[in-house]
Chemist: 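Sharing a structure below in structure tokens format, with a few things to ask.
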Amino acid sequence: MLQIKYIRDNKQEVVDRLKIKNFDAAQLIDDLLNADEIRRSAQKQLDDTLAVSKQLSKEIGQFFKTGQKDKAEEARNKSTELKAKAKDLEQQMSEAEKDVEKILLEIPNLPHPSVPTGKADTDNEITYEEGELPNLVDGKLPHWELTDKYQIIDFDLGSKVSGAGFPFYRGKGARLQRALINFFLDEAINNGYLEYQPPLMVNEASGYGTGQLPDKEGQMYHATEDNLYLIPTAEVPITNIYRNTIQKEEDFPIKNVAYSNCFRREAGSYGKDVRGLNRLHQFDKVEIVQIQSPEKSYDTLEEMKDYIANLLRKLELPFRILRLCGGDISFASALTFDFEVYSAAQERWLEVSSVSNFESFQANRMMLRYRDKDGKTQLAHTLNGSALALPRIVAALLENNQTAEGIKIPKALIPYTGFDIIN
RNA sequence: GGAGAGAUGGCAGAGUGGUUGAAUGCGGCGGUCUUGAAAACCGUUGACCGUUCGCGCGGUCCGGGGGUUCGAAUCCCUCUCUCUCCGCCA
């Protein structure tokens with residue numbers, strides 16, 4: 001959520017910058033500032049009324065103490081009048097406040113100046129590419145056939161027991177999952193991240209805090225009986241740890257890592273995108289989250305990018321980095337880089353990580369602040385990134401490393417898997 | 001699931017209708033003292049909104065929401081959470 005003060009002072013700039021996100025904010029912002037004006041004028045009147053009424057109440061107390069009953073009665077009547085007026089003003093104010101809040105929740109974060117214009121993912125800017133694309137012999141199989149061949153992931157069984165998008169991992173497939181999770185966690189810990197195991201269900205306030213609600217309501221599984229949401233990413237519980245807190249600047253950067261299952265309804269997805277491991281309703285992900293001061297948050301974003309690149313390097317996967325264009329970047333993000341690995345049998349790039357700086361957008365929603373050097377409280381910046389999401393990593397590992405003898409495990413993983421080939 | 005108790009400032013802990021944003025202690029910050037430090041002493045110490053160029057001024061906030069009252073941390077309703085006992089249970 002953008003800060004109302006900023007919009008007030010930089011109306012045109014906000015409208016212009018949101019155009020990069022293909023978001024026409026002009027009307028919305030007029031409505032917003034209008035509601036804001038109503039709110040402020042109502043508050044001014046309300047405050048003045050309350051000030052008088054408060055004073056009166058004190059006097060009434062005094063009158064009663066000193067036995068001046070008549071004066072007390074008189075003041076009491078006057079106060080009753082004021083009270084009615086205050087109630088009315090309060091109503092006005094809270095309605096205008098709701099309008100302001102509602103509109104603010106609909107306005108996306110401002111894109112960073114480096115975000116390229118564009119409508120769709122085809123307009124994303126490839127900023128970096130590394131690794132040789134594997135040149136496989138004929139007879140290469142897509143991962144969903146390899147998983148069958150070696151009986152390491154069973155999609156049909158998942159469909160039977162749960163539904164599409166809920167696979168069973170078995171044997172070496174299950175161990176590979178476990179190995180990747182441990183590998184990613186160990187790497188993060190060695191890079192100064194603190195490990196958390198978060199709850200997998202969160203309340204409504206947390207959903208709003210990180211911005212999944214209200215705009216992505218339909219993407220989360222919702223347990224209506226208890227009004228809890230299954231998390232779509234560990235970002236939600238981990239970032240919400242800091243909801244309504246004031247941090248110390250000297251504690252920055254706060255670096256957290258969490259492995260979790262992630263649950264996504266993926267309503268509206270279809271076709272080759274959902275084949276095999278490409279898109280699941282439940283998957284595993286290790287997520288890194290950082291809280292940082294505004295001055296340093298973009299350095300932190302670079303550091304996180306380097307960290308993720310290094311993971312992919314260790315897994316010996318060819319990858320590229322994309323700077324997301326205005327049309328593809330998420331609602332809450334100011335700047336996002338996607339990491340894609342090349343999956344050799346599908347012959348396509350698969351997104352395995354997304355690392356973003358949300359600046360103060362999430363922080364403002366959840367009141368995550370810090371005390372700066374001058375002792376002033378201000379909004380912190382939040383960042384997060386996948387490090388990494390498992391399914392597509394597994395897809396690429398299987399496809400790229402298939403040989404006549406079986407699927408070879410990259411060196412860095414062998415200590416974790418305990419085997420060097422799946423056959 | 002049943003019965004009971006509770007939720008106050010960074011922490012601990014008073015406060016049951018009238019200058020209570022809130023005693024007191026600890027912690028934090030500033031100062032005196034000291035070569036330095038500790039101790040001691042003195043002072044200071046919340047967040048948010050509005051208003052102001054600024055000093056400041058006004059308002060709101062004692063778990064969340066609603067109500068009673070001229071006036072509520074204090075009374076009532078409701079929700080959430082915590083604790084104790086019973087039941088169930090990985």
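Throughout, a chain's letter reflects where its sequence line sits, starting with A, and its residues are numbered from 1.
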Chemist: By the 4.0 Å heavy-atom rule, please label A:Ile60 as base, sugar-phosphate, or nothing.
Modeler: base

Chemist: Is A:Ser53 touching bases, backbone alone, or none of the nucleic acid, heavy atoms closer than 4.0 Å?
Modeler: nothing

Chemist: Check the phosphate of B:rU51 against A:Arg40, side-chain N and O only, distance under 4.0 Å to OP1 or OP2. Yes or no?
Modeler: yes

Chemist: Using a strict threshold of under 4.0 Å (side-chain N to carboxylate O), is an ion pair present between A:Lys314 and A:Glu187?
Modeler: yes

Chemist: Are the aromatic ring centres of A:Phe361 and A:His381 under 6.0 angstrom apart?
Modeler: no

Chemist: Describe the nucleic acid contact of A:Ala75 in one word from base, sugar-phosphate, nothing, applying a heavy-atom distance below 4.0 Å.
Modeler: nothing

Chemist: Can you tell me if A:Ser41 touches the phosphate of B:rU51, counting only side-chain N or O atoms and a distance under 4.0 Å to OP1 or OP2?
Modeler: no

Chemist: Remember a base hit wins even if backbone is also touched, and classify A:Ser57 as base, sugar-phosphate or nothing at under 4.0 Å, heavy atoms.
Modeler: base

Chemist: Give one of base, sugar-phosphate or nothing for A:Lys78, where a contact means two heavy atoms less than 4.0 Å apart.
Modeler: nothing

Chemist: A:Ser79 side chain: which of B:rA47, B:rG59, B:rC70 is closest?
Modeler: B:rC70

Chemist: Consider the side chain of A:Arg371, meaning its heavy atoms from C-beta on, and name the nucleotide among B:rC49, B:rA47, B:rG71 that approaches it most closely.
Modeler: B:rA47

Chemist: Could you check whether A:Lys44 pairs with A:Asp47 (Lys NZ or Arg NE/NH1/NH2 to Asp/Glu carboxylate O, under 4.0 Å)?
Modeler: no

Chemist: So, is A:Lys248 near the phosphate of B:rG28, with a side-chain N or O under 4.0 Å from OP1 or OP2?
Modeler: no

Chemist: Of all the choices, B:rC48, B:rU68, B:rG59, which nucleotide is nearest to the side chain of A:Lys87 once you look at every atom?
Modeler: B:rU68

